[in-house]
Amino acid sequence: MEQSFYDQVFELARLIPEGRVTSYGAIARSLGAGGSARMVGYAMAHAGAADPPVPAHRVVNSSGLLTGRFHFKTPGLMQELLEKEGVEVKNDKVRDFKTLLWDPLKEL
DNA sequence: GGATTGACGTGTC
DNA sequence: AGACACGCCAATC
């Protein structure tokens with residue numbers, strides 16, 4: 001079976017190193033999806049049922065905002081995990097997002 | 001199989 | 001600076 005966009009997103013998301021974050025748009029482009037950044041987020045919503053689990057907390061929107069924190073088991077868990085990995089989160093947004101941004105197109 | 005739906009992105013007001 | 005609008009595109013119902 002060919003992998004759906006979901007699986008592609010999941011795999012790429014799992015490649016995100018600790019202490020790093022990436023944006024939905026970056027992932028989408030990396031997959032050749034271009035403007036279908038929403039599909040990436042949509043896929044991440046199903047990440048909860050993915051195996052192995054997907055570090056969705058390392059994926060934020062282009063502003064570094066933790067948009068999907070509410071989708072986690074508990075809101076705030078996302079920030080918790082990020083801070084645990086050394087990512088500074090302030091007001092639901094990643095600090096130095098630009099610096100911590102892990103671009104698959106460049107890093108990979 | 002058409003309509004709805006988004007963890008988005010960028011631009012405009 | 002904040003709020004609003006439109007575009008994209010695949011998966012789900």
Side-chain angles (χ1 to χ4, degrees):
Chain A
M1 282 299 266
E2 268 112 67
Q3 301 166 324
S4 315
F5 241 72
Y6 278 34
D7 300 291
Q8 294 183 61
V9 174
F10 294 160
E11 287 185 54
L12 194 56
R14 288 189 210 120
L15 296 177
I16 305 173
E18 281 185 22
R20 289 294 205 105
V21 289
T22 192
S23 62
Y24 303 96
I27 295 176
R29 285 191 202 187
S30 178
L31 296 177
S36 34
R38 310 175 107 172
M39 318 292 65
V40 178
Y42 200 52
M44 301 310 283
H46 284 238
D51 180 64
V54 178
H57 60 273
R58 293 184 194 148
V59 187
V60 294
N61 71 356
S62 62
S63 305
L65 192 69
L66 281 55
T67 44
R69 73 187 156 181
F70 224 46
H71 277 252
F72 282 81
K73 197 162 181 193
T74 59
L77 176 64
M78 189 174 188
Q79 177 171 338
E80 219 177 295
L81 291 169
L82 285 171
E83 292 189 316
K84 215 167 107 174
E85 295 186 355
V87 179
E88 295 179 76
V89 181
K90 181 71 174 180
N91 200 9
D92 296 327
K93 44 189 195 251
V94 176
R95 267 239 284 209
D96 300 318
F97 169 66
K98 199 173 125 188
T99 306
L100 296 171
L101 177 59
W102 181 77
D103 192 339
L105 284 176
K106 291 173 161 192
E107 309 286 337
L108 218 52

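Order of the sequence lines sets the chain letters (A, B, ...), proteins ahead of strands, with each chain counted from 1.
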Problem set entry | Exam field: side chain A:R58 to backbone A:I16, donor-acceptor pair closer than 3.5 Å |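 Yes; judged by distance alone, with no hydrogens or angles, the pair exists.
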
Exercise. Would you say A:N61's side chain and A:L65's backbone share a donor-acceptor pair under 3.5 angstrom?
Worked result: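 Answer holds: yes.
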
For the pair made of [atom1] in [X] and [atom2] in [N], what is the distance, rounded to whole Å?
X	N	atom1	atom2	result
A:F10	C:dA10	CZ	P	16 Å
A:M78	B:dA7	CE	C1'	7 Å
A:L65	C:dA3	CG	C1'	15 Å
A:F97	B:dG9	CZ	C1'	12 Å
A:N61	B:dG11	CG	P	15 Å
A:K93	C:dA1	NZ	P	11 Å
A:I27	C:dC9	CD1	C1'	16 Å

For this session: Please tell me which of A:R38 and A:Y6 maps to the more 5' nucleotide of DNA chain C, matching each residue to the nucleotide holding its nearest heavy atom.
Result: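 Here A:R38 is the residue nearer the 5' end.
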
Exercise. Would a 4.5 Å heavy-atom cut-off, applied to side chains only, mark A:V59 and A:V21 as touching?
Worked result: no

Exercise. Is A:F5 touching bases, backbone alone, or none of the nucleic acid, heavy atoms closer than 4.0 Å?
Worked result: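 Sugar-phosphate contact only.
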
Exercise. Counting any heavy atom closer than 4.0 Å, what does A:A56 reach on the DNA or RNA strands: base, sugar-phosphate only, or nothing?
Worked result: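 Base contact - A:A56 has a heavy atom under 4.0 Å of at least one base atom.
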
Problem set entry | Under-4.0 Å side-chain N/O to phosphate OP1/OP2 contact, A:S62 with B:dG9 |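 Affirmative; the distance criterion is met.
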
Exercise. Are any of A:T67's side-chain N or O atoms less than 4.0 Å away from OP1 or OP2 of B:dC8?
Worked result: yes

Exercise. Just wondering, more than 12 heavy atoms not from A:R20 lying within 6.0 Å of its CZ?
Worked result: yes

For this session: Mark yes or no for a side-chain to base donor-acceptor pair under 3.5 Å between A:Y24 and B:dA7, with no hydrogen or angle criteria applied.
Result: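 Side chain to base: pair found, below 3.5 Å.
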
For this session: Could you work out which one of B:dG9, C:dT12, B:dA7 sits closest to the side chain of A:H46?
Result: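 Nearest listed nucleotide: C:dT12.
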
